[in-house]
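Let me begin by presenting the structure, written as structure tokens, before commenting on it.
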Amino acid sequence: MRVFMIKSITGFSKLSKSKKIDWIVDTYFSNAEEAKGILKQYWNTNNNLQQLHDEFIENTITNYYLPLGVAPNFLINDTLYTIPMAIEESSVVAAASKAAKFWLERGGFKTEVISTTKIGQVHFIYKGDFDKLNKFFNQVKSRLIDDTEAITKNMTKRGGGILEIELRNKTSDIDNYYQLHTSFETLDAMGANFINSCLEQFAKTFKQEALSFDLFSEEEKQIEIVMSILSNYVPDCLVRAEVSCNVEDLSENATISGEAFANKFIQAVQIAEVEPYRAVTHNKGIMNGIDAVVLATGNDFRAVEAGVHAYASRHGKYSSLTHAKVENGIFTFWMEIPLALGTVGGLTGLHPLVKLALELLHKPSAKELMQIVAVAGLAQNFAALRSLTTTGIQEGHMKMHLMNILNQFEANNTEKEILTKYFKKNTVTHNAVIEALNKLRVSNEN
């Protein structure tokens with residue numbers, strides 16, 4: 001085993017890409033040339049395209065590939081979509097496609113954007129009388145908005161901008177802690193840079209104006225700005241997606257009636273509504289679909305994840321994002337979910353595959369993309385629950401995982417073809433695949 005004597009490095013970000021790689025492979029890898037070869041084989045041969053990718057972040061050394069797949073046959077509000085999904089997990093695209101086909105024949109998905117408000121906050125410390133602070137806020141509020149005019153002008157022309165600014169007293173949580181709690185409409189932009197720029201200007205004006213407010217004592221004038229930042233919790237940026245059909249139309253085979261399927265399906269959802277251990281896995285399945293589309297369309301899946309899981313806990317206990325019921329013989333499965341997305345700005349105008357993905361989706365507005373993404377999550381959850389409550393999750397998942405196992409053991413195309421046919425009628429497990437591959441190789445040697 002090689003023992004590494006690693007020293008820290010200064011000025012790493014200023015090194016050329018090749019020098020960065022030289023330092024990394026010489027410092028951390030026993031076979032420097034092999035490591036360098038792996039990094040370089042993922043470079044794009046188009047130098048301009050590679051430079052574009054290099055400049056997305058700092059200290060880029062190579063590209064990290066994820067498969068970009070598509071799930072066709074999504075009927076959403078009577079419009080047919082093929083949805084792009086960037087994800088490495090086997091069975092996700094297949095499950096989404098299967099759910100899309102199932103609901104295509106039953107009226108498709110119905111969606112509605114409920115609201116699109118986003119939130120940003122200036123967090124500050126004020127040591128003094130709250131009544132005086134409140135009077136100051138009411139006096140300076142219009143000035144806060146006026147001082148952001150250079151930032152908001154274009155957004156306001158398009159119908160967006162600052163919706164409201166509130167002073168919030170949070171001293172029951174932290175001594176002397178207050179907020180300027182602001183709501184925004186950012187239209188087709190996700191709006192992070194716009195919101196943060198407005199908030200930083202609010203903070204500057206608020207602090208400056210406090211110095212000349214007559215009612216404040218000298219101590220009260222010294223407002224301390226802690227930070228100014230948007231929130232990724234967007235409970236008022238909501239979209240609803242649902243599917244429904246007659247209960248008898250739910251069954252696809254004679255082994256289970258539509259009514260029995262609906263009852264078991266609803267029970268599975270109810271368990272996720274009350275049991276956090278199940279709810280986390282349940283919602284993770286929803287996010288399989290959501291994250292894949294969010295990533296494919298150049299949006300921030302980490303922000304979406306954080307906001308969604310906070311929303312799942314909004315009643316004080318982590319719970320299912322989806323719900324199901326039967327009323328008057330109609331099965332309905334639905335979800336309301338917060339999604340702050342954009343179709344302009346960020347990577348949406350830079351990354352060639354993102355632009356391609358958005359064109360594939362008919363160049364949607366931010367509201368339309370919210371609906372598409374929500375549908376992908378609902379479809380994924382429906383497919384997972386259908387498997388769990390009928391055949392079990394492993395049968396379908398392991399068959400999709402089969403190719404990963406075969407690739408891990410470097411099966412050739414002939415071996416893949418033979419074993420894929422074999423496991424159509426046999427249970428896929430890791431050990432079973434290895435055993436079948438070894439038997440095939442021994443028989444070929446003989």
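Note that the CG atom of Leu199 and the CD atom of Gln121 stand 8.5 Å from one another [nearest 0.5 Å]. With rounding to the nearest 0.5 angstrom, the CG atom of Asp236 is 10.5 Å from the CD1 atom of Ile114. Taking NZ of Lys221 as the start and NZ of Lys207 as the end, the distance is 13.0 Å to the nearest 0.5 Å. Rounded to the nearest 0.5 Å, atoms CD1 (Ile223) and CG (Asn176) are 11.5 Å apart. How far OG1 of Thr420 is from CD of Glu415: 11.0 Å, rounded to the nearest 0.5 Å.
In terms of modelled atom types and a separation under 3.5 Å, the side chain of Ser313 and the main chain of Gly316 share no donor-acceptor contact. Between the side chain of Thr60 and the main chain of Asp54, a donor-acceptor pair closer than 3.5 Å is present. Within the 3.5 Å criterion, the main-chain N or O of Leu167 finds no donor-acceptor partner in the side chain of Lys141. Formation of a donor-acceptor pair under 3.5 Å by the Asn444 side chain with backbone atoms of Leu440 is found in this model. With Arg314 contributing its side chain and Tyr311 its backbone, the two residues share a donor-acceptor pair below 3.5 Å. The closest donor-acceptor contact from the side chain of Asn138 to the backbone of Asn134 lies under 3.5 Å. Of the possible donor and acceptor atoms, one in the side chain of Asn196 sits under 3.5 Å from a partner among the backbone N and O of Ala192.
Test Asn63, Asn44, Thr45 against Gln50 for side-chain hydrogen bond (donor to acceptor under 3.5 Å, both in side chains) and you get one pass: Asn63. A ring-ring contact (aromatic ring centres under 6.0 Å, His included) with Phe206 is found for one member of Phe213, Tyr126, Phe136 and no other, namely Phe136.
With respect to the salt-bridge test (charged N to carboxylate O, under 4.0 angstrom), the residues Glu112 and Arg240 do not qualify.
Between Phe382 and Trp103, the two ring planes are perpendicular [angle over 60°; tilted spans 30° to 60°]. A parallel orientation is assigned to the rings of His351 and Phe56, their planes being inclined by less than 30° (bins at 30° and 60°). Aromatic ring pairs are classed by plane angle as parallel below 30°, tilted from 30° to 60° and perpendicular above 60°; the pair His362 and Tyr81 is tilted.
Side-chain contact annotation: His181 with Glu166, donor-acceptor N/O pair under 3.5 Å absent. A donor-acceptor contact closer than 3.5 angstrom links the side chains of Asn77 and Thr111. Between Ser13 and Asn59, the side chains place no donor N or O within less than 3.5 Å of an acceptor N or O (distance only, hydrogens not considered). Side-chain contact, Ser18 with Ser16: a donor N or O sits under 3.5 Å from an acceptor N or O.
The number of heavy-atom neighbours closer than 6.0 Å to NZ of Lys110, taken from other residues, nucleotides and ligands shown, is above 12. Other residues, nucleotides and ligands place more than 12 heavy atoms under 6.0 Å from the OH atom of Tyr65. A 6.0 Å sphere centred on NZ of Lys204 holds no more than 12 heavy atoms belonging to other residues, nucleotides or ligands. Other residues, nucleotides and ligands contribute over 12 non-hydrogen atoms within 6.0 Å of the CG atom of Asn169.
For the pair Arg143 and Phe202, the cation-pi test (distance below 6.0 Å, angle within 45°) is failed.
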Derivation of the side-chain contact (heavy atoms from CB on, under 4.5 Å) call for Met287 and His309: CA-CA 10 Å; Met287 300 314 293; His309 293 303; 4.1 Å; yes
message: Assess the residue pair Leu378 and Phe109 against the criterion (side-chain contact (heavy atoms from CB on, under 4.5 Å)); give the C-alpha distance rounded to whole Å, side-chain angles, the decisive distance to 0.1 Å, and a yes or no.
response: CA-CA 9 Å; Leu378 190 71; Phe109 296 81; 4.1 Å; yes
